[in-house]
A.B. asks: 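Below is one structure. I have some questions about it.
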Amino acid sequence: MDDFERGRLAKIEALRASGVDPYPVRFERTHDAAAIHAAHAALAPGEETSARVTVAGRIMLHRVHGGVSFGTLRDSSGDIQLFCQRDRLGDGYAAFGDLDLGDWVGAEGEVVRTKKGELSVRCDRVVLLAKALRPLPKEWFGLKDVEQRYRRREVDLAVNPEARRIAVLRSRVVQGVRELLASRGFLEVETPMLQPRPGGALARPFVTHMNALDLDLYLRIAPELYLKRLIVGGLDRVFEINRNFRNEGMSVKHNPEFTMLEAYQAYADYHDMMELTQAIVQHAAPAGEISYQGRPVRLGGEWRRVTMLEAVRDAAGVPDLDYDWPVERMREVCDRTAVPYEPSFGAGRLVTELFEKHVEGTLWDPTFVLDYPKEVSPLARAHRSNPHVTERFELICTGRELANAFSELNDPVDQRRRFEDQARARAAGDEEAMVLDEDFLTALEHGMPPAGGLGVGIDRLVMLLADAASIREVILFPLLRPEGRPATR
RNA sequence: GCCCCCCUAGCUCAACGGGCAGAGCACCGGGCUUUUAACCCGGCGGACCGGGUUCGAGACCUGGGGGGGGCACCA
């Protein structure tokens, strides 16, 4: 404990000695700051009212003079000034002067506008609601240290308007997504986070252990397989917005736990999913044209559609490139354009690599990239007219994947074959290859109606809409290494 | 996992080619009856942690910790 906290603790003892509870149990308030501003916007400087209000919030600024003092009180709706006079407050006046930045207080009085034009509550009662033991950075300077902003998000939220803006925006975006899906008859469901087999995506899982069953479990990498079992069960429009966990690298666009929307619609295909994706994003977005990192992004209207093959042909300058090319020829294109690959990659995987290296980062306005190769899409239905690819698209925007969707594979025999291909890849050393899920196959064997499925990275969607450069800005508590770990590992 | 960069007071920032580490705000004491980052006077308070080089290290070397960015992997 430092001198600062010792001083605050002494203050608290003094308060208690004088009969003041520094942490009282409840407080009744009648107005928030925004309501007072809305009701008295027209009040002229120097004008008083008889409107009595009770407000509560945190002291953000404190201006203590000899016989009259001011405080800026903040609640979740905004700021309102407290105006205190010695004559009016009596003993309470000294107590007001003794408040510190960060203290929570309640205040009662009449609404007035001061001579200098600030709408205020002229207090005849000020109650300490919770005493702060640590100093709050003065908002003028803010909290800029990025590490502290993430570790101490409560302080970031208290003093940085931008942190509050993003937190509020995120909530509204998620709410918008829910609204759109609910309006179309989708049922929100929850499926297991602890899974005996990690499925539904190509990724490394976190492993944990359950003592009671002496069982290794995996934190889910995707809810996909469970959601499709609900489609099998006849819940024909379902969605889940929840956390996925992937034991992989962190970056400006990757956090080990992240929030995903997955939605499944019976009788639909990936064209329907494109329409749904566009509707969701356009409904959640605050405007048709937004700015991301200084560049405009056109979110309104119909989004561009291009097949992966076309995109790669253009970017690599190989107009006749096709999936039936011999692998050797495909590798030459990779070599020539400096795209690395593994010997195990087939033509489909090589085209995907070319796409990711040459095209993905260049797509700024939202673009649907269609028809992903079978080799990289083990859960997607084969294309109705092209045997090399699946009916799958990704939505790319600002050079990043925002969504991934397909006409779902509902043929249990084909699905089993795809899992077996994955098993071979895993045996060959691909740790991210999918594990065969017998429960899922059994479900498909009961019959799954044709369906479209969609996944949207909610964090990335919020990044885009909030103009945030890093995923950590849109996750309230992003993963950080713990501080002060011992030197031994 | 690899590469580059960063870490000075509670917060925001200085200074110095190695020579007693500064400011504003916060906090404490005093003054002030309409302030807006209130102001005035006085005070308290610090080099991420460890080792080395040096007469002397916050600065140079080295090990560790944490963070940022990039690459790899992925969404």
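All chains are named by letter (A, B, ...) in the order of the sequence lines, taking the proteins before the strands, and each is independently numbered beginning at 1.
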A.B. asks: Contact class for Gln81(A) vs. all strands (heavy atom < 4.0 Å): base, sugar-phosphate, or nothing?
C.D. replies: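 Counting heavy atoms under 4.0 Å across all strands, the contact made by Gln81(A) includes a base.
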
A.B. asks: Rounding to a whole Å, what distance do you find between Gln85(A):CD and C32(B):P?
C.D. replies: 17 Å

A.B. asks: Under the 3.5 angstrom rule, does the side chain of Ser377(A) hit a backbone N or O of Lys374(A) as a donor-acceptor pair?
C.D. replies: no

A.B. asks: Should Arg149(A) and Glu162(A) count as an ion pair when the cut-off is N to O under 4.0 Å?
C.D. replies: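 Salt bridge flag = no for Glu162(A) with Arg149(A).
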
A.B. asks: Rounded to whole angstrom, note down the C1' distance from G51(B) over to C13(B).
C.D. replies: 31 Å

A.B. asks: Please pick, from C27(B), U12(B), G68(B), the nucleotide with the shortest atom-to-atom distance to any side-chain atom of Asp145(A).
C.D. replies: U12(B)

A.B. asks: Considering only atom P, compute the distance from G64(B) to C4(B) and round it to an integer number of Å.
C.D. replies: 14 Å

A.B. asks: Heavy atoms from C-beta onward define the side chain here; which of A75(B), A37(B), G69(B) lies closest to that of Arg472(A)?
C.D. replies: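 Out of A75(B), A37(B), G69(B), the nucleotide with an atom closest to Arg472(A)'s side chain is G69(B).
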
A.B. asks: Once rounded to the nearest 0.5 Å, what's the spacing between atom CG of Asp459(A) and atom CD of Glu473(A)?
C.D. replies: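 Output value for this atom pair is 13.0 Å.
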
A.B. asks: Any base atoms under 4.0 Å from Val159(A), or only sugar-phosphate, or nothing? Heavy atoms, all strands.
C.D. replies: nothing

A.B. asks: Does the side chain of Arg151(A) get closer than 4.0 angstrom to OP1 or OP2 of G67(B) through an N or O atom?
C.D. replies: yes

A.B. asks: Counting side-chain heavy atoms from C-beta on, which of G10(B), C11(B), A75(B) comes nearest to Pro135(A)?
C.D. replies: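 Of the candidates, G10(B) comes closest.
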
A.B. asks: Would you compute the distance between atom CD of Glu394(A) and atom CZ of Phe355(A) and round it to the nearest 0.5 angstrom?
C.D. replies: 7.0 Å

A.B. asks: Short question: side chain of Asp437(A), backbone of Phe440(A) - any donor-acceptor pair under 3.5 Å?
C.D. replies: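 Present.
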
A.B. asks: Heavy atoms under 4.0 Å, any strand shown: does Arg134(A) hit a base, just sugar-phosphate, or nothing?
C.D. replies: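 No contact.
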
A.B. asks: Could you pull out the protein-nucleic contacts involving nucleotides 3-6 of chain B (nitrogen or oxygen on both sides, under 3.5 Å)?
C.D. replies:
none

A.B. asks: Looking only at side-chain atoms of Ser251(A), point me to the closest of A72(B), C25(B), C28(B).
C.D. replies: A72(B)

A.B. asks: Nearest to the Ser470(A) side chain among A37(B), G67(B), G69(B), which nucleotide is it?
C.D. replies: G69(B)

A.B. asks: Among the candidates G70(B), C25(B), G67(B), find the nucleotide nearest to the side-chain atoms of Val252(A).
C.D. replies: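 Of the options given, the side chain of Val252(A) lies nearest G70(B).
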
A.B. asks: Pro137(A) side chain: which of C27(B), U34(B), C11(B) is closest?
C.D. replies: C11(B)

A.B. asks: With C1' as the reference atom in both, quote the distance from G70(B) to G58(B) in angstrom, rounded to an integer.
C.D. replies: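 The answer is 29 Å between these two C1' atoms.
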
A.B. asks: Quick one: Asn255(A) CG to C73(B) P, roughly how many Å, whole number?
C.D. replies: 20 Å

A.B. asks: Using a 5.5 Å cut-off between ring centres and planes within 30 degrees, is Phe70(A) stacked on the base of A38(B)?
C.D. replies: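 Answer is no, no stack.
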
A.B. asks: Sort out for me which residue in Val112(A), Ile80(A), Val126(A) forms a side-chain contact (heavy atoms from CB on, under 4.5 Å) with Val121(A).
C.D. replies: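 Output: one option passes, namely Ile80(A).
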
A.B. asks: In whole Å, what is the span from the CG atom of Leu479(A) to the C1' atom of G67(B)?
C.D. replies: 13 Å

A.B. asks: Check the distance between A37(B)'s P and Arg74(A)'s CZ and give it to me in whole angstrom.
C.D. replies: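 Distance, rounded to whole Å: 13 Å.
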
A.B. asks: Between Gln148(A) (CD) and G65(B) (P), how many Å, whole number?
C.D. replies: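 Checked: the CD to P distance equals 19 Å.
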
A.B. asks: Categorize Gly457(A) for me: base, sugar-phosphate, or nothing, with a 4.0 angstrom heavy-atom threshold over every strand shown.
C.D. replies: nothing

A.B. asks: Please classify the nucleic acid contact of Leu402(A) as base, sugar-phosphate, or nothing, using heavy-atom distances under 4.0 Å.
C.D. replies: nothing

A.B. asks: How far does the P atom of G63(B) sit from the matching atom of G29(B), given to the nearest Å?
C.D. replies: 48 Å

A.B. asks: Over 60° means perpendicular and under 30° means parallel, so classify the ring planes of Phe368(A) and Trp303(A), tilted if in between.
C.D. replies: tilted

A.B. asks: Determine which nucleotide pairs with C60(B), using a 3.5 Å limit on both distances of a Watson-Crick or G-U wobble pair.
C.D. replies: G52(B)

A.B. asks: Of Asp459(A) and Leu480(A), whose nearest nucleotide on RNA chain B comes first from the 5' end?
C.D. replies: Leu480(A)

A.B. asks: Does a nitrogen or oxygen in the side chain of Lys144(A) sit under 4.0 Å from OP1 or OP2 of U12(B)?
C.D. replies: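 It does not, given that no N or O in the side chain of Lys144(A) lies less than 4.0 Å from OP1 or OP2 of U12(B).
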
A.B. asks: NA contact type, Phe83(A), heavy-atom cut-off 4.0 Å: base, sugar-phosphate, or nothing?
C.D. replies: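 Base, at least one base atom sits under 4.0 Å.
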
A.B. asks: Nearest whole Å is fine: how far is U34(B) C1' from Leu82(A) CG?
C.D. replies: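 In whole Å, U34(B) C1' and Leu82(A) CG are 14 Å from each other.
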
A.B. asks: Could you please name the option among A75(B), A26(B), U33(B) that lies closest to any side-chain atom of Asp87(A)?
C.D. replies: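 For Asp87(A), the side-chain atoms sit closest to U33(B).
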
A.B. asks: Once you apply a heavy-atom cut-off of 4.0 Å, does Gly142(A) come out as touching a base, just sugar-phosphate, or nothing?
C.D. replies: sugar-phosphate

A.B. asks: Starting from P on C73(B), measure out to CD on Glu248(A) and report it in whole angstrom.
C.D. replies: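 So the two atoms are 11 Å apart, to the nearest Å.
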
A.B. asks: For Phe4(A), which contact category applies under a 4.0 Å heavy-atom criterion: base, sugar-phosphate, or nothing?
C.D. replies: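 Result for Phe4(A) = sugar-phosphate.
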
A.B. asks: Can a donor-acceptor pair be found, under 3.5 Å and without considering hydrogens, that links the side chain of Lys11(A) to the backbone of Asp98(A)?
C.D. replies: yes

A.B. asks: Mind listing the closest non-hydrogen atom pair of Ala167(A) and Leu157(A) along with its distance?
C.D. replies: CB-CD2, 4.2 Å

A.B. asks: For G66(B), does OP1 or OP2 lie under 4.0 Å from any side-chain N or O of Arg481(A)?
C.D. replies: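 Yes, such a contact exists.
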
A.B. asks: Would you please confirm or rule out a distance under 4.0 Å between OP1 or OP2 of C25(B) and any side-chain N or O of Arg63(A)?
C.D. replies: no

A.B. asks: Does OP1 or OP2 of U34(B) have a side-chain N or O of Arg122(A) closer than 4.0 Å?
C.D. replies: no

A.B. asks: Take atom C1' in G69(B) and the same atom in G52(B), then report the distance between them in whole Å.
C.D. replies: 31 Å

A.B. asks: Compare side-chain N and O positions of Lys11(A) against OP1 and OP2 of C28(B) and report whether any pair is under 4.0 Å apart.
C.D. replies: yes

A.B. asks: Kindly assign one of parallel, tilted or perpendicular to the pair Phe70(A) and Phe83(A), based on the angle between their ring planes and the thresholds 30° and 60°.
C.D. replies: parallel

A.B. asks: Nearest whole angstrom, please: distance from the P of A37(B) to the NE2 of His65(A).
C.D. replies: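 Those two atoms, NE2 and P, are 12 Å apart.
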
A.B. asks: Is Arg246(A) close enough to A75(B) that one of its side-chain N or O atoms is under 4.0 Å from OP1 or OP2 there?
C.D. replies: yes

A.B. asks: I want to verify a distance call: between C27(B), U34(B), G69(B), whose nearest atom is closest to the Arg8(A) side chain?
C.D. replies: C27(B)

A.B. asks: What integer number of Å spans the C1' atoms of C44(B) and C6(B)?
C.D. replies: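 Between the two C1' atoms, the distance is 30 Å.
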
A.B. asks: Between the protein and nucleotides 42-46 of chain B, list the N/O to N/O atom pairs that are separated by less than 3.5 angstrom.
C.D. replies:
none

A.B. asks: Sticking with atom P, work out how far C71(B) lies from C20(B), rounded to a whole angstrom.
C.D. replies: 44 Å

A.B. asks: Counting N and O atoms only, with roles assigned by atom type, does the side chain of Arg113(A) sit under 3.5 Å from a partner on the main chain of Leu43(A), one being a donor and the other an acceptor?
C.D. replies: yes

